[in-house]
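Atoms within a ligand are numbered from 1 in the order they appear, just like the ligands themselves. Just so you know, residue 1 is the first one in the sequence shown, and it goes up from there. We use all heavy atoms of the structure for the numbers below, so side chains are in, but hydrogens, waters and symmetry mates are not.
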Amino acid sequence: MSDEISFLGRDVVSMRDFTRKDIEFIMDVSEAMIPYAKGEKTKRLLNGKILGNLFFEPSTRTRLSFESAAYRLGASVIDVLQASMTSIAKGETLVDTIRMVDSYCDTIVLRHPHDGASRLAANVSKNPVINAGDGTGSHPTQTLLDLFTMRRLKGSIDGLNIALVGDLKYGRTVHSLSDALTMFGAKLTFVAPESLQMPEDIITGLKRKGCKPTQTASLDDVIEDSDVLYITRIQKERFPDPSEYQKVAGTYRINNETLRQAKKDLVILHPLPRVDEIAPEVDITQHARYFEQAFNGIPVRMALLCLILGGEI
Ligand code: CP
């Protein structure tokens with residue numbers, strides 16, 4: 001594997017810190033990791049390394065796939081699953097917690113309810129920090145696996161019609177994904193109720209990079225022309241007022257009827273967990289690729305860990 005791009009010791013905080021070339025290199029390494037991610041081959045590239053998994057918000061996929069990636073590579077994992085079980089419950093700050101954990105491991109994976117928490121952690125940690133989702137901010141490793149899934153399924157991302165659907169205001173996955181898709185020249189449509197549309201500052205940033213996203217509230221407007229439909233859960237836990245959530249809950253639901261007008265090779269992705277956005281009947285159609293997408297978290301996170309921690313690939 002070429003080592004012309006060095007990721008050794010790099011933080012993974014935002015997709016804005018990566019170039020298209022960086023992302024393509026990570027995807028190439030991820031591809032090579034697939035047999036190891038499946039356990040068909042074994043390589044202990046990270047023997048002796050320790051991953052510090054700090055999860056201050058619930059997670060199934062991100063936490064477990066980072067753990068799986070670490071174990072597949074021979075590394076060990078120390079973890080925190082809730083703040084109430086740490087000395088944060090006694091008043092310790094995040095900064096002090098990071099300083100301590102930094103000395104116990106070789107890289108920190110942080111999920112936190114506050115936007116900017118990973119950047120703060122990266123500023124105080126000597127070891128690299130990987131953002132595993134910070135509030136409504138971003139979720140860069142999810143974006144890398146989303147891009148990897150699109151490239152595997154479509155051959156290339158350039159020029160694809162991609163609809164991002166659902167909670168575009170509070171959903172961190174769609175924030176980092178739209179940033180990255182701009183680098184690949186995808187044509188973006190944002191489908192959301194007006195109150196959950198993509199934040200203006202993100203739209204402005206995308207336009208500055210030459211992307212001209214379309215916005216609509218109607219799934220019908222995009223279903224015929226989309227190559228990829230990336231749907232997200234409405235993030236109930238982020239609404240300051242529960243009655244505002246009730247107004248938009250269940251706005252979009254994809255079922256077999258919705259898909260009657262779709263292209264035969266439409267790919268449906270979802271970062272998961274889903275609530276009611278995709279009817280279970282869709283799971284057995286050729287469009288449903290979200291469980292494969294979730295598996296791709298393992299090779300992508302294996303690739304990142306190897307690149308950051310210097311595992312000889
Ligand atoms: N996609 C994702 O971040 O899932 P989890 O919240 O289960 O980690």
Side-chain angles (χ1 to χ4, degrees), residues 12-15 26-27 30 37 51-72 77 79-83 107-118 121 129-150 152-153 162 164-181 196 228-239 245 252 254 267-278 282-283 288-305:
V12 180
V13 174
S14 161
M15 289 315 295
I26 294 166
M27 291 199 280
S30 304
L51 181 77
N53 245 353
L54 302 188
F55 278 71
F56 297 120
E57 271 193 339
S59 168
T60 299
R61 278 146 291 274
T62 312
R63 185 173 69 80
L64 294 180
S65 62
F66 262 114
E67 276 197 36
S68 177
Y71 287 126
R72 291 275 192 217
V77 180
D79 60 15
V80 161
L81 305 187
Q82 46 186 330
T107 184
I108 293 174
V109 177
L110 177 67
R111 171 164 292 187
H112 198 277
H114 295 153
D115 298 22
S118 289
V129 169
I130 302 174
N131 180 0
D134 61 335
T136 63
S138 68
H139 194 349
T141 67
Q142 177 71 43
T143 294
L144 290 168
L145 76 91
D146 294 340
L147 297 172
F148 181 63
T149 305
M150 289 181 201
R152 291 205 98 215
L153 295 173
I162 301 180
L164 305 187
V165 183
D167 186 348
L168 308 184
K169 178 179 181 183
Y170 296 118
R172 56 193 170 206
T173 62
V174 284
H175 296 165
S176 35
L177 182 58
S178 51
D179 267 338
L181 286 170
L196 295 182
V228 177
L229 200 147
Y230 187 101
I231 186 160
T232 63
R233 170 180 73 91
I234 302 210
Q235 311 266 308
K236 184 179 182 184
E237 69 278 20
R238 310 254 182 239
F239 282 68
Y245 170 73
Y252 303 112
I254 297 177
V267 164
I268 301 175
L269 300 180
H270 192 311
L272 303 176
R274 71 173 146 180
V275 181
D276 52 8
E277 312 79 52
I278 306 176
V282 176
D283 296 355
R289 307 310 279 262
Y290 26 91
F291 292 114
E292 190 177 334
Q293 176 189 7
F295 162 76
N296 285 338
I298 300 184
V300 168
R301 289 173 174 128
M302 287 174 80
L304 267 182
L305 291 176

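- For the pair D79 (side chain) and N53 (backbone), a donor-acceptor distance under 3.5 Å is absent.
- S68 contributes no side-chain N or O that, together with a main-chain N or O of L64, makes up a donor-acceptor pair within less than 3.5 Å.
- Using a distance-only test at 3.5 Å, with no hydrogens or angles considered, no donor-acceptor pair links the side chain of N131 to the main chain of S118.
- For ligand 1, the protein residues placed under 4.0 Å by at least one non-hydrogen atom are S59, T60, R61, T62, R111, H139, Q142, P271, L272.
- Considering all non-hydrogen atoms of both residues, I231 and I278 come closest at CG2-CD1, 3.7 Å.
- At a threshold of 4.0 Å, the pair D167-R172 does not count as salt-bridged, since none of the basic side-chain nitrogens sits closer than that to a carboxylate oxygen.
- A117 approaches L110 most closely through the heavy-atom pair O-CD2, 3.9 Å.
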